[in-house]
There are 2 protein chains.
Amino acid sequence: MRISELAAESGVPLPTLKYYLREGLLMPGRSQSRTRADYGPEHLERLRLVRALVEHGGIGIAGARRIIEALDSPPPSRHELLGIAHGALPGSVVEDDAPEPDPSVAAFVERLGWHVEGCAPAIHRLSEAVVRARAAGIELPDADLDRYAAAMRAVAGVDLEVAGRATSAAEAMHTVVVGTVLVDPVLVALRRLAQEAESATRT
Amino acid sequence: MRISELAAESGVPLPTLKYYLREGLLMPGRSQSRTRADYGPEHLERLRLVRALVEHGGIGIAGARRIIEALDSPPPSRHELLGIAHGALPGSVVEDDAPEPDPSVAAFVERLGWHVEGCAPAIHRLSEAVVRARAAGIELPDADLDRYAAAMRAVAGVDLEVAGRATSAAEAMHTVVVGTVLVDPVLVALRRLAQEAESATRT
């Protein structure tokens, strides 16, 4: 189909399509002539992904480009894949001048005994989140954090099982990156519902 | 202290302080004369909360005002408190013209058997999140959603226990509203770490 048809079919306005093409988020169409390119179902699929990431995943254009580059050339091992997938996620860049993780958080992660890199960006994000909560008067003693960690370990078990069902590295990568970003709001909504349900049983 | 001292002490610029006063996010100081007001530790505490909500909780000024109004006049029962707290959270407003929740999601929630209102905003948020994930190629079969729900129910158990430790209704309200918003990023970071740990044990 022509680019105007791609716009109509996908619901993405033509200027946005051209912007995505310039930014490398959408691959070029097959060239038919000097002024015409042909677009197919793979372009529609890519557009669904880009919109999901940019419009709903809270990921900027640069982040979406990193994710798409990684999807286009997935690494061989599943664990390596997860590392690259995590690196493409928002919040995965630790600036050179970022403060060290809060010592209490670093000690907590150490004590969990999980196999995680000491420099994992998620430790920085965890530290920032804990420090912010504390500043707003929400103390998170280790006993509570332990139980939150156990629950999220169960979540991760499902995540990895879902990724394990993928039949190709590219599909696994897609599942980890997109699934991680887009399942976060699912979990957040389930937490609200579960709070209501827990509260009802305690009243 | 004077407003200029409050600015220095809190690190919030003077124009921002005046904006917060105008918007009702910061209560007025005690009037000392026609041109001077006195601010105390309660203002510093309030500013910590406002910054946590607005700068890190992703809550706009209107949302922060709803939260603060609710904190200033908490209801009698704990379950009612949670309802008001949830109503003050971002994403809690369901527009009149919002589409009905996706039937598969409504059926899933029904099947969970949790005590939740059929019109709970979180059901709309869950439906939106599931539909967006699907559009991006992430299927969430009920068997997976069930396990995510069980994990988030465990999280909610901790949440309610923490709120139950509060010694006043105002403190419980603070814990539910602020804790819900500011613990979300803690859980998200723990999920990333847990994925890495799970992946390491499976390789």
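Keep in mind that this is a model prediction, so the values were computed, not measured. So you know, we letter chains A, B, ... as the sequences are listed, proteins then strands, and number each from 1. These numbers come from the heavy atoms of this one structure, side chains and all, not from hydrogens, waters or symmetry mates.
- Atom-to-atom distance recorded for A:Tyr148:OH and B:Asp159:CG is 3.5 Å, nearest 0.5 angstrom.
- A salt bridge links B:Arg192 with A:Asp184: the distance from a Lys NZ or Arg NE/NH1/NH2 to an Asp or Glu carboxylate oxygen falls below 4.0 Å.
- Both the backbone and the side chain of A:Ile123 come within less than 4.5 Å of a heavy atom of chain B.
- Scanning all heavy atoms of the two residues, the minimum distance from A:Leu182 to B:Ala136 falls at CD1-CB, 3.5 Å.
- Proximity to chain B involves both the backbone and the side chain of A:Val183, based on heavy atoms less than 4.5 angstrom apart.
- Heavy atoms from other residues, nucleotides or ligands lying under 6.0 Å from CD of A:Glu5 number more than 12.
- Contacts of B:Val50 with chain A are absent, with no heavy-atom separation under 4.5 Å from either backbone or side chain.
- Contact of A:Glu117 with chain B is made through backbone and side chain together, with heavy-atom distances under 4.5 Å.
- Atom CZ of A:Arg30 has more than 12 neighbouring heavy atoms from other residues, nucleotides or ligands inside a 6.0 Å radius.
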Item to complete: Please lay out, stage by stage, how B:Leu187 and A:Leu187 fare under the test side-chain contact (heavy atoms from CB on, under 4.5 Å).
Response: CA-CA 9 Å; B:Leu187 297 171; A:Leu187 298 171; over 6 Å; no
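- Contact detail for B:Ala151 and A:Ala154: the closest heavy-atom pair is CB-CB, 4.3 Å.
- Contact count versus chain A (heavy atoms, under 4.5 Å) is highest, among B:Val155, B:Val178, B:Val109, B:Leu49, for B:Val155.
- Residue contact with chain B, scored on non-hydrogen atoms closer than 4.5 Å, is absent for A:Glu128.
- When A:Gly157, A:Ala120, A:Ala150 are compared by the number of non-hydrogen pairs under 4.5 Å with chain B, A:Gly157 comes out ahead.
- Among all heavy-atom pairs drawn from B:Gln195 and A:Ala156, the shortest one is N-CB, 3.5 Å.
- The heavy-atom pair separating B:Arg153 from A:Ala194 by the smallest distance is CA-CB, 3.7 Å.
- Only the side chain of A:Arg165 comes within contact range of chain B, with at least one heavy atom under 4.5 Å from a heavy atom of that chain.
- Between chain A and the options B:Val188, B:Val158, B:Val105, the largest number of non-hydrogen pairs under 4.5 Å is found for B:Val158.
- The two atoms that bring A:Ala197 and B:Val116 nearest to each other are N-CG1, 4.0 Å, heavy atoms only.
- Under the 4.5 Å side-chain criterion, counting only non-hydrogen atoms from C-beta, B:Val186 is in contact with A:Leu140.
- Interface check for chain B: of the options A:Arg125, A:Glu196, A:Arg191, the most heavy-atom pairs under 4.5 Å are formed by A:Arg191.
- Between A:Gly179 and B:Ile138, the shortest heavy-atom contact is N-CD1, 3.7 Å.
- In terms of heavy-atom pairs under 4.5 Å with chain B, the best-connected choice from A:Leu126, A:Val162, A:Val130 is A:Leu126.
- Environment of CD in A:Glu100: sparse, with no more than 12 heavy atoms of neighbouring residues, nucleotides or ligands closer than 6.0 Å.
- Counting heavy atoms of neighbouring residues, nucleotides and ligands inside a 6.0 Å radius, atom CD of A:Glu161 exceeds 12 of them.
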